[in-house]
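Here the structure comes first, spelled out in structure tokens, and everything after it is commentary.
Predicted model only: the values in this text are computed from it and were never measured.
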2 protein chains.
Amino acid sequence: MAVKRRDIENRLREFEARCRERGVPLTVQRREVLEAVLKRDDHPTADQLYDSLKERIPGLSRTTVYRVLETLVNMGVIRRLHHPGTAARFDGKIHRHHHLVCKKCGKVIDIHDATWNEVPFPEVRKEEFEIEDFSVHFTGICAECRKKTSWKKKVD
Amino acid sequence: MAVKRRDIENRLREFEARCRERGVPLTVQRREVLEAVLKRDDHPTADQLYDSLKERIPGLSRTTVYRVLETLVNMGVIRRLHHPGTAARFDGKIHRHHHLVCKKCGKVIDIHDATWNEVPFPEVRKEEFEIEDFSVHFTGICAECRKKTSWKKKVD
DNA sequence: CTCCGTGCAAAAGGTTTGCACTGGT
DNA sequence: ACCAGTGCAAACCTTTTGCACGGAG
């Protein structure tokens with residue numbers, strides 16, 4: 001489910017506060033892009049966000065959307081997803097959650113599962129890698145794709 | 001660790017058998033690209049594979065590498081990875097394993113962890129999603145990047 | 001007032017497509 | 001011989017960069 005209205009307001013306020021304390025200029029574009037990401041639960045691409053905002057913000061540049069998204073990711077306010085598909089997708093939900101990824105159509109569905117959230121980090125001392133978080137990709141076939149008869153891409 | 005020599009031979013034989021039984025033409029390019037992916041453990045991009053093969057296969061086209069990789073993924077012989085970075089990466093290891101992904105440089109390290117492999121699939125009846133497998137992305141900072149002082153953003 | 005952020009255009013990758021030719025079955 | 005696979009070039013899509021202007025602190 002998408003972030004709730006109340007939560008969105010909190011997130012925006014939190015963002016504004018963080019901008020101020022860091023001296024990061026708070027622009028209309030940044031606020032609007034963040035709000036647009038928070039309002040959706042379908043992991044939009046930069047281009048989809050641009051399309052949904054260009055009417056509200058006349059003269060908005062695609063470039064700016066890319067740059068703002070980069071800024072928001074670096075501030076830890078949103079996340080960049082690396083799932084199937086050519087374009088990067090963005091997620092306003094920054095708490096730990098996992099994804100169902102359809103092998104056929106690439107759709108990404110959020111899931112929350114307490115059991116999975118609590119599995120302890122694996123031992124990776126050998127790799128000298130400092131794990132901060134994790135997310136699980138469950139791959140398979142979504143309901144719609146399962147209904148369709150033709151199954152071209154994946155053969156088996 | 002990379003796939004072992006013996007295993008590579010088995011995988012190639014298995015691939016040839018599957019081609020025959022499906023009537024998929026077995027070409028030099030397909031065999032060589034598959035072998036090249038199996039021989040490495042660093043999740044190469046299409047371009048890196050092309051570079052490593054163009055000497056062995058004079059006249060090889062980048063396009064062909066892309067097309068062959070697509071075919072191999074569809075046949076289930078290799079996997080496409082969707083990790084940070086602009087280019088898609090490919091993985092010859094098709095058994096269940098997980099990845100350490102560096103937030104800074106985008107490097108992907110394989111890990112095998114029995115505990116993680118055995119956590120049962122979550123309940124997703126509501127989503128009507130048929131889970132087939134999963135893989136876990138552990139995000140954090142790799143050894144090299146941790147040593148570096150600056151901590152701005154990703155490169156590779 | 002000073003910079004940083006923005007807009008525009010153009011460049012820079014990475015990947016896909018159209019078409020003619022070659023090679024596997 | 002037939003049809004799928006390949007090579008080449010160009011198209012395409014996403015993302016990044018250079019530069020001048022304008023708005024936020």
Exercise. Where the side chain of V28(B) is defined as all heavy atoms beyond and including C-beta, which of dG24(C), dT14(D), dT17(D) is the nearest nucleotide?
Worked result: dG24(C)
Exercise. Is there a donor and acceptor pair, one atom on the side chain of R30(B) and one on the base of dG24(C), closer than 3.5 Å?
Worked result: no
Exercise. Relative to the 5' end of DNA chain C, which residue comes earlier, R20(B) or D47(B), by the nucleotide with the nearest heavy atom?
Worked result: D47(B)
For this session: Using a heavy-atom cut-off of under 4.0 Å over every strand shown, decide if V68(B) touches base, sugar-phosphate, or nothing.
Result: sugar-phosphate
Seminar exercise, completed: Taking dG24(C), dG14(C), dT6(C) as options, the one with an atom nearest any side-chain atom of P25(B) is dG24(C)
For this session: From the options dT6(D), dT15(C), dG18(D), select the nucleotide whose nearest atom is closest to the side chain of A46(B).
Result: dT15(C)
For this session: Step by step, work out the ring-ring contact (aromatic ring centres under 6.0 Å, His included) result for H82(B) and H83(A).
Result: CA-CA 5 Å; H82(B) 302 281; H83(A) 278 311; 7.8 Å; no
Exercise. Is there a donor-acceptor pair closer than 3.5 Å between any side-chain N or O of H95(B) and the backbone N or O of K93(B)?
Worked result: no
For this session: Identify which nucleotide among dG7(D), dT25(C), dG25(D) has an atom closest to any side-chain atom of L26(A), counting heavy atoms from C-beta outward.
Result: dG25(D)
For this session: Between dT6(C), dG5(D), dT14(D), spot the one nearest the side chain of T27(B), thanks.
Result: dG5(D)
Exercise. Taking OP1 and OP2 of dG7(D), is either one under 4.0 Å from a side-chain nitrogen or oxygen of Q29(B)?
Worked result: yes
Exercise. Taking DNA chain C as the partner, which of residues 49-62 of chain A come within under 4.0 angstrom of it by heavy atom?
Worked result: G59(A), L60(A), S61(A)
Seminar exercise, completed: Here the gap from R80(B) atom CZ to F90(B) atom CZ, rounded to the nearest 0.5 Å, amounts to 4.5 Å
Exercise. Should the pair F121(A) and F138(B) be assigned to parallel (<30°), tilted (30 to 60°) or perpendicular (>60°) ring geometry?
Worked result: perpendicular
Exercise. Are any of Y66(B)'s side-chain N or O atoms less than 4.0 Å away from OP1 or OP2 of dT15(C)?
Worked result: yes
Exercise. Between R18(B) (side chain) and M75(B) (backbone), is there a donor-acceptor pair under 3.5 Å?
Worked result: yes
For this session: Could you label the plane-to-plane angle of the H137(A) and H137(B) rings as parallel, tilted or perpendicular, counting under 30° as parallel and over 60° as perpendicular?
Result: parallel
